[in-house]
Amino acid sequence: MTIPDAAVDTAKEAGQEPANAHYDTRLPKLRWSRRVQIPVIAAAVYSVIRTLGPTLRYEVLGWQHAERVYAAKKQCIWSFWHRVIIPVAWWARNRGVVVMNTTAFDGQWTRKVIEWLGFGTAQGSSSRGGLRGLAVMARRLEEGLDCAFTIDGPRGPRYVAKPGPVMLARKTGCPILVFHIGVDRGKTFEKTWDHFLLPKPFARTVMLFAPPIYVPTDANADGMEAKQAEMQRELERVRDIAEEWFALGEEERAKYRVQFNS
């Protein structure tokens, strides 16, 4: 199995520390039986993504927002719901994007998968080492790498955005870009906390990006709360449109294409 690691290659070319290097390395103690599961689960999930991913067909709307951010010599802080992590992981592979990753058991096998797909990781979450993870992400943004949050992860509540991106945007001056992915054919696992979405092979997808959200570096508590609410609203807006996309008529989809591509 060939394991890509574009994040490390990108950093090496720039003479930087690899993107998946971090200093929050204090992993929880796990039983031997749990430790041996980590590479097995990681290999299985990676194999599913590598098999399914090439069959997916993406229509991306609103990407010009990211291009304008890059043209302004800044990086993006991506924010999306945990539900769509599979189609996101394939689309964004090999870009060196640094993802906040929990140090709990689930995070340990997840980390292997996302690094094999060419992402970097910053170890931390809302419940374990989050501030250390944010510090790593701030360094990576300065080094020219994007960062990303599965914003209601690692365990919910579903569709409730956590404040990490707003805190990071205030610290770095980089904007938040929220997006969602809808599919025409897929399986929703309703018993999972995130209503996990598994696209079916050869599914069509639509990926909707909202305009960037900038957080002033001198924002006070009220300003931070307002930006948090704005991020929540935009996440809900793009989710609702993307989830309904393939039930819409072609005329209505055409209107949204104009709206998102303007």
Side-chain angles (χ1 to χ4, degrees), residues 1-14 16-25 27 38-39 41-54 56 58 60 63 66 69-70 75-104 106-125 129-130 132-154 164-165 168 172 174 176-181 194 196-197 199 207 209:
M1 178 186 299
T2 301
I3 300 175
D5 198 351
V8 173
D9 292 343
T10 300
K12 284 181 177 178
E13 290 173 4
Q16 301 164 348
E17 184 181 2
N20 60 357
H22 56 81
Y23 54 85
D24 182 19
T25 57
L27 301 178
I38 291 172
I41 296 173
V45 173
Y46 177 74
S47 297
V48 168
I49 296 174
R50 285 288 292 115
T51 301
L52 175 64
L56 301 179
Y58 292 85
V60 181
W63 182 246
V69 172
Y70 300 141
Q75 301 304 127
C76 297
I77 302 169
W78 297 9
S79 179
F80 60 98
W81 301 123
H82 199 277
R83 163 175 164 79
V84 294
I85 194 168
I86 291 294
V88 171
W90 182 253
W91 182 82
R93 70 195 184 282
N94 295 335
R95 297 170 185 250
V97 178
V98 179
V99 181
M100 179 72 81
N101 188 66
T102 177
T103 55
D106 288 350
Q108 293 190 45
W109 65 258
T110 302
R111 179 187 171 195
K112 288 182 177 294
V113 173
I114 60 180
E115 289 184 353
W116 291 345
L117 287 168
F119 294 82
T121 55
Q123 297 297 96
S125 71
R132 288 185 292 274
L134 286 176
V136 173
M137 286 182 141
R139 287 169 51 195
R140 299 303 177 247
L141 288 166
E142 291 177 356
E143 294 166 355
L145 296 168
D146 287 353
C147 291
F149 293 81
T150 51
I151 194 56
D152 51 348
L168 187 60
T172 63
C174 294
I176 303 164
L177 266 73
V178 312
F179 64 89
H180 193 74
I181 294 180
D194 59 350
F196 180 80
L197 174 65
M207 191 172 191
F209 283 86

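The CD1 atom of Ile151 sits 8.0 Å away from atom CD1 of Ile176, with the distance rounded to the nearest 0.5 Å.
Between Ser79 and Leu177, every side-chain heavy-atom pair lies at or beyond the 4.5 Å cut-off. Contact annotation: the side chain of Val113 approaches that of Ile49 to within less than 4.5 Å [non-hydrogen atoms, C-beta and beyond]. Side chains of Leu168 and Cys174 form no contact here, defined as non-hydrogen atoms less than 4.5 Å apart. Side-chain contact between Leu56 and Tyr58: present, with at least one pair of heavy atoms (C-beta onward) separated by less than 4.5 Å. By the 4.5 Å heavy-atom criterion applied to side chains, Leu134 and Phe149 are counted as neighbours. Taking 4.5 Å as the limit, some side-chain heavy atom of Ile77 sits within range of a side-chain heavy atom of Leu141. Looking at Phe119 and Val98, their side chains never come closer than 4.5 Å, going by heavy atoms from C-beta outward. Side-chain contact check for Val99 versus Cys147: every heavy-atom pair is 4.5 Å or farther apart.
Minimum interatomic distance between Met137 and Met100 (heavy atoms only, all atoms of both residues): CE-N, 3.2 Å. Scanning all heavy atoms of the two residues, the minimum distance from Ile38 to Lys112 falls at CG2-CE, 3.7 Å. Nearest heavy-atom pair, Leu52 versus Pro199, reported as atom, atom and distance to 0.1 Å: CD2-O, 3.4 Å. Smallest separation of non-hydrogen atoms from Glu115 and Thr121: OE2-OG1, 2.7 Å. What you find for Arg50 and Trp90 is that their closest heavy atoms are NH1-CH2, 3.0 Å.
Taking Tyr70 as the reference, Asp146 meet the side chain to side chain donor-acceptor pair (under 3.5 Å) condition, with sequence neighbours excluded. Here Phe179 pairs with Trp78, Phe80, Phe209 under the ring-ring contact (aromatic ring centres under 6.0 Å, His included) rule; sequence neighbours left out. Every residue two or more places apart in sequence or in another chain that forms a side chain to side chain donor-acceptor pair (under 3.5 Å) with Asp194 is listed here: His82, Thr192.
Aromatic pair Trp116/Trp109: ring centres not closer than 6.0 Å.
Residue pairs meeting the salt bridge (Lys or Arg N to Asp or Glu O under 4.0 Å) criterion with at least one member in residues 77-89, sequence neighbours excluded, are Arg83-Glu243.
Checking Glu142 against Thr172 by side-chain atom types alone, no donor-acceptor pair falls below 3.5 Å.
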Step by step, work out the side-chain contact (heavy atoms from CB on, under 4.5 Å) result for Val84 and His180.
CA-CA 7 Å; Val84 294; His180 193 74; 3.6 Å; yes
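A salt bridge links Glu143 with Arg140; the closest basic N to acidic carboxylate O contact falls under 4.0 Å.
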